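None of the values given here were measured: they were computed from a predicted structure.
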Amino acid sequence: MGKVHPQALVSSDPCYLSSKQESFTVWMKSLVLSGKGCTVFDSDGHVVYRVDNYDSKSSNEVHLMDFEGKVLYTILRKKLKLLGFWEGYRCDGSEIDKTKPGFQVRKTLRLLRGDAPCNITVGLDKNQPCQYKIESWTSKSTYTIVDKCGALIAEVQRKQSACGVVLGEDVMTLVVEPFIDHSLIMGLVVVYSLINSKM
């Protein structure tokens, strides 16, 4: 079996914003044996994010961590009568403040959905939150995250090798536009994977 990642862990201070477009490889496998989750590599092959879920698929609580295991977001599933939704809480210290979610993802009703399976509100604790949408096409492995004006924020698609071979459905390329928080986008990718029972 070929390597998904060419290099080992790197230890430097993480920076979640960049002035240029960034590309990541998302491997829908946990580094922990028998765990569910995903591992994310930067363009140099270094692990930058990971999710290790020891519970069953579509868990009600998932933690997005950096390469050292520091929790960046705790993602909780909230249940309503008809539809559930997910909230992501930024973890700056040892505990999260569950009264102030950093983002919320709601799955839209299939009858009203159109091409936007999920509506996202970012910055729920501010006066003017950002509105994003996750738009998918023919496959749950190919989708984009756009703002309320339709401008591209990030794109996920099946990864191709250098010679053009499309890899398995569990290996994807995530491209994030400049000046967008990569950790936030990764949190949204985790939620979308949970919605589609891929984690």
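No single ILVMFWY cluster, assembled from side-chain heavy atoms under 4.5 Å apart, contains both V146 and V176. Using a 4.5 Å cut-off between side-chain heavy atoms of Ile, Leu, Val, Met, Phe, Trp and Tyr, with links allowed through other members, I134 and V175 fall into different hydrophobic clusters. Hydrophobic clustering (ILVMFWY, side-chain heavy atoms < 4.5 Å, transitive): L174 and I120 are in one cluster.
Paired with L76 under the rule side-chain contact (heavy atoms from CB on, under 4.5 Å), one option of F85, W86, Y89 passes, and it is Y89. Screening T39, D66, V40, D42 for a side-chain contact (heavy atoms from CB on, under 4.5 Å) with V47, the sole residue that qualifies is T39.
S19 approaches P178 most closely through the heavy-atom pair O-CB, 3.6 Å. Contact detail for S30 and D52: the closest heavy-atom pair is OG-OD1, 2.6 Å. The heavy-atom pair separating G187 from L64 by the smallest distance is N-CD2, 3.6 Å. Taking every heavy atom of both residues into account, Y49 and S183 meet most closely at OH-N, 3.3 Å.
Side-chain contact check for E61 versus T74: some heavy-atom pair is nearer than 4.5 Å. The side-chain heavy atoms of Y143 and C118, taken from C-beta on, include no pair separated by under 4.5 Å. Side-chain atoms of K159 and M172, non-hydrogen and from C-beta on, never get closer than 4.5 Å to each other. Two residues are said to be in side-chain contact when any heavy atoms from C-beta on lie closer than 4.5 Å; V26 and V156 fail this criterion. Using a 4.5 Å heavy-atom threshold, the side chains of V105 and I195 count as touching.
Rounding to the nearest 0.5 Å gives a distance of 8.0 Å between CG of D147 and CD1 of I180. Annotation: the span from R50 atom CZ to H63 atom NE2 amounts to 12.0 Å, rounded to 0.5 Å. Here Q21 contributes atom CD and S43 contributes atom OG; the two are 11.0 Å apart, rounded to the nearest 0.5 Å. Within the model, atoms CG of L152 and CD of E135 stand 9.5 Å from one another, a figure rounded to the nearest 0.5 Å. A distance of 8.0 Å separates CG in L184 from CD1 in I145, rounded to the nearest 0.5 Å. Here CE of M65 is found 11.0 Å from SG of C91. Values are rounded to the nearest 0.5 Å.
D44 places no side-chain N or O within 3.5 Å of a backbone atom of H46 that could act as its donor or acceptor partner. Formation of a donor-acceptor pair under 3.5 Å by the R158 side chain with backbone atoms of T142 is not found in this model.
Ring centers of Y73 and F103: under 6.0 Å apart, within the cut-off.
Classified by interplanar angle (parallel below 30°, tilted 30° to 60°, perpendicular above 60°), the ring pair F24/H182 is perpendicular.
Shown here are the salt bridge (Lys or Arg N to Asp or Glu O under 4.0 Å) partners of D181, two or more places apart in sequence or in another chain: R90.
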